[in-house]
S.K.: 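Input: one structure, supplied below.
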Amino acid sequence: MGSSIRSRRRFGRAITVGAVLAVVAATVPVTTSLAAFPGRNGKIAYYAYDGNDYEIYTINPDGSGRHRVTDNTTDDYDPAWSPDGKRIAYTGYDGNDYEIYTIRPDGGGRHRVTDNTTDDYGPSWSPGGKRIAYYGYDGNDYEIYTIGPDGGGRRQVTDNTTGDFNPAWSPNGKRIAYEGDDGADYEIYTIGPDGGGRKRVTDNTTGDFNPSWSPGGKRIAYEGDDGTDVEIYTIGPDGGGRRQVTDNTTDDYDAAWSPNGKRIAYDGYDGTDYEIYTIGPDGGGRKRVTDNTTGDYRPDWGRKA
């Protein structure tokens with residue numbers, strides 16, 4: 001199940017924008033990435049298949065203390081820790097479409113944030129915890145929006161004729177990184193929360209996806225094609241200093257910095273399914289976090305509450 005989900009998630013990147021929308025609406029959302037809020041390293045949230053559907057879990061970085069957060073009969077994706085570590089935002093199905101929710105790490109206090117008739121995916125908290133960025137359908141394509149955790153004050157950030165996905169709020173709150181279509185492939189961009197000052201970060205002939213800010217705001221991790229498979233990279237917000245972090249013969253996705261800035265979590269293929277790993281930003285000290293047969297995806301590393 002895990003591998004087939006991943007195949008459908010990545011398939012959207014190789015086809016036209018119109019087909020991307022159809023794939024996203026018909027199957028599962030393409031995942032998001034995030035910013036790490038500075039602090040002590042806490043638990044890693046991720047989503048995994050429970051035998052019936054996808055649910056949100058948390059786990060310690062050493063692989064201990066796995067805890068199930070959501071428990072229902074519909075899929076839940078894209079966990080994102082709040083800056084204070086007391087809430088997790090995520091994407092969940094409401095019976096008609098996908099909406100943004102928040103929940104406590106113990107599974108209590110579930111709260112619906114968005115409420116409309118189109119799909120909303122990929123939450124990312126502002127550093128003050130007063131806004132959540134996400135991507136949603138505007139009637140023509142997917143754009144970046146922000147909203148209050150109580151569901152009020154929705155604002156559109158991007159507004160163009162191509163899809164924008166996977167927002168990640170910078171630690172200082174002044175920029176939102178995301179992936180956008182440049183007419184040839186997907187690249188990483190940043191923009192002000194008010195929609196001004198759009199800047200292109202990556203510029204090449206292969207797709208770049210899922211930006212994640214370092215806690216100091218000086219680097220952005222993302223995934224890109226190295227010519228053979230998908231690997232994790234980091235780059236400066238100005239587009240300089242690109243470095244390859246992972247280097248192997250299998251795909252690595254969904255980078256997420258640790259709050260202390262010394263590790264990057266991601267999901268990678270172990271030969272059977274996808275598991276959560278951590279690695280140093282220099283590519284050293286790779287450690288496996290999860291180890292099972294169902295597939296674990298889209299980690300987000302929270303700070304200790």
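Small disclaimer: the values here were computed from a predicted structure and weren't measured.
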S.K.: Looking only at non-hydrogen atoms, find the nearest pair between Ala255 and Ile264 and report the distance.
M.R.: CB-CG2, 3.8 Å
S.K.: When rounded to the nearest 0.5 angstrom, what is the spacing between CG in Asp291 and CG in Asp270?
M.R.: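 Reported value, rounded in 0.5 Å steps: 7.0 Å.
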S.K.: Set out, in order, the CA-CA distance, both residues' side-chain angles and the distance that settles side chain to side chain contact (heavy atoms under 4.5 Å, CB included) for Arg110 and Thr102, then state yes or no.
M.R.: CA-CA 6 Å; Arg110 179 176 178 266; Thr102 70; over 6 Å; no
S.K.: Looking only at side chains, do Thr158 and Asp164 share a donor and an acceptor under 3.5 Å apart?
M.R.: yes
S.K.: Drop me the distance from Asp300's CG to Trp81's CH2, to the nearest 0.5 angstrom.
M.R.: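 Between Asp300 CG and Trp81 CH2, I get 8.5 Å after rounding to 0.5 Å.
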S.K.: In Å and rounded to the nearest 0.5 Å, what is the OG1 to CG distance from Thr162 to Asn140?
M.R.: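 Between Thr162 OG1 and Asn140 CG, I get 11.5 Å after rounding to 0.5 Å.
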S.K.: Centre of Tyr277's six-membered ring, under 6.0 Å away, within 45 degrees of the axis: is that where NZ or CZ of Arg286 sits?
M.R.: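 Flagged: Arg286 positioned over aromatic ring of Tyr277.
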S.K.: Distance-only, no hydrogens or angles: does the Asp273 side chain make a donor-acceptor pair with backbone N or O of Thr294 under 3.5 Å?
M.R.: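 Checking the backbone N and O of Thr294 against the side chain of Asp273, a donor-acceptor pair under 3.5 Å is found.
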S.K.: Any idea which heavy atoms bring Pro281 and Trp257 closest together, and the distance?
M.R.: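 Minimum heavy-atom separation between Pro281 and Trp257: CG-CZ3, 3.6 Å.
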S.K.: Side chains of Tyr135 and Asn166, heavy atoms from C-beta outward: is any pair under 4.5 Å?
M.R.: yes
S.K.: Assess the side chains of Arg87 and Tyr101: does a donor N or O sit below 3.5 Å from an acceptor N or O?
M.R.: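 Tyr101 and Arg87 do not have a side-chain donor-acceptor pair below 3.5 Å.
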S.K.: Start with the C-alpha gap between Asp97 and Asp120, add the side-chain angles, then the distance that decides, and say whether side chain to side chain contact (heavy atoms under 4.5 Å, CB included) holds.
M.R.: CA-CA 8 Å; Asp97 63 343; Asp120 299 317; 5.7 Å; no
S.K.: Under a 4.0 Å N-O cut-off, is there an ion pair linking Asp238 with Lys199?
M.R.: no
S.K.: Measure the CD1-OG distance between Ile147 and Ser126 for me, rounded to the nearest 0.5 Å.
M.R.: 12.5 Å
S.K.: Taking the side chain as everything from C-beta on, heavy atoms only, tell me whether Tyr186 gets closer than 4.5 Å to Asp181.
M.R.: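 Touching, per the 4.5 Å side-chain cut-off.
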S.K.: Any sub-3.5 Å donor-acceptor pair from Asn210's side-chain atoms to Glu223's backbone N or O?
M.R.: no
S.K.: May I ask you to decide if Gly153's main-chain N or O and Arg131's side chain share a donor-acceptor pair within less than 3.5 Å?
M.R.: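 Yes, Arg131 side chain to Gly153 backbone: donor-acceptor pair under 3.5 Å.
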S.K.: Please walk me through it: do Tyr297 and Tyr54 pass side chain to side chain contact (heavy atoms under 4.5 Å, CB included)?
M.R.: CA-CA 10 Å; Tyr297 306 100; Tyr54 282 85; 3.7 Å; yes
S.K.: Quick one: do the Asp78 and Thr91 side chains pair a donor with an acceptor below 3.5 Å?
M.R.: yes
S.K.: Considering non-hydrogen atoms only, spot the tightest contact between Trp301 and Gly42 and give its length.
M.R.: NE1-O, 3.1 Å
S.K.: Considering the options Tyr178, Phe165, Tyr134, which one meets the side-chain contact (heavy atoms from CB on, under 4.5 Å) requirement together with Ile144?
M.R.: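 The single option meeting the side-chain contact (heavy atoms from CB on, under 4.5 Å) with Ile144 is Tyr178.
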S.K.: Is any side-chain heavy atom of Tyr90 closer than 4.5 Å to a side-chain heavy atom of Tyr47?
M.R.: no
S.K.: Restricting to non-hydrogen atoms, name the atom on Asn41 and the atom on Ser258 that form the minimum distance, rounded to 0.1 Å.
M.R.: OD1-CB, 3.5 Å
S.K.: Rounded to the nearest 0.5 Å, how far does OG1 of Thr70 lie from CG of Asp76?
M.R.: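 Interatomic distance, Asp76 CG to Thr70 OG1, rounded to 0.5 Å: 4.0 Å.
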S.K.: Contact between Asp252 and Tyr266 at the side-chain level, heavy atoms closer than 4.5 Å - yes or no?
M.R.: yes
S.K.: So, for Asp182 and Arg200, which heavy atoms are closest and what is the spacing to 0.1 Å?
M.R.: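 Scanning both residues, the minimum pair turns out to be OD2-NH2, 2.7 Å.
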S.K.: Can you confirm whether Asp296 sits close enough to Tyr49 that some side-chain heavy atom of one is under 4.5 Å from a side-chain heavy atom of the other?
M.R.: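 Asp296 does not reach Tyr49 side chain to side chain.
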S.K.: Is atom CZ of Arg112 surrounded by more than 12 heavy atoms (other residues, nucleotides or ligands) closer than 6.0 Å?
M.R.: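 Atom CZ in Arg112 is packed in, count exceeds 12.
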S.K.: Taking atom types as modelled, find out whether Arg243 and Thr234 have a side-chain donor-acceptor pair closer than 3.5 angstrom.
M.R.: no
S.K.: Just checking, Arg66 and Tyr57: is the charged tip under 6.0 Å from the six-membered ring centre and within 45° of the axis?
M.R.: yes
S.K.: Going from OG1 on Thr73 to CG on Asp50, what distance comes out if it is rounded to the nearest 0.5 angstrom?
M.R.: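 If I round to the nearest 0.5 Å, the distance is 10.0 Å.
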S.K.: Of the non-hydrogen atoms in Pro299 and Tyr46, which two are nearest, and what is the gap between them?
M.R.: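 Nearest heavy atoms, Pro299 then Tyr46: CA-CB, 4.1 Å.
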S.K.: Would you confirm whether Asp106, through its side chain, and Gly108, through its main-chain N or O, come within 3.5 Å as a donor-acceptor pair?
M.R.: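 Pair found, side chain donor or acceptor close to backbone of Gly108.
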S.K.: What verdict does the side chain to side chain contact (heavy atoms under 4.5 Å, CB included) test give for Phe37 and Trp125, after you've listed the backbone C-alpha separation in whole Å, the side-chain angles of each residue and the deciding distance to 0.1 Å?
M.R.: CA-CA 10 Å; Phe37 301 109; Trp125 293 82; 4.1 Å; yes
S.K.: Taking Glu143 for its side chain and Asn160 for its backbone only, find out whether a donor-acceptor pair lies under 3.5 Å.
M.R.: yes
S.K.: Would you indicate whether the side-chain heavy atoms of Thr290 and Ile44 approach each other to under 4.5 Å?
M.R.: no
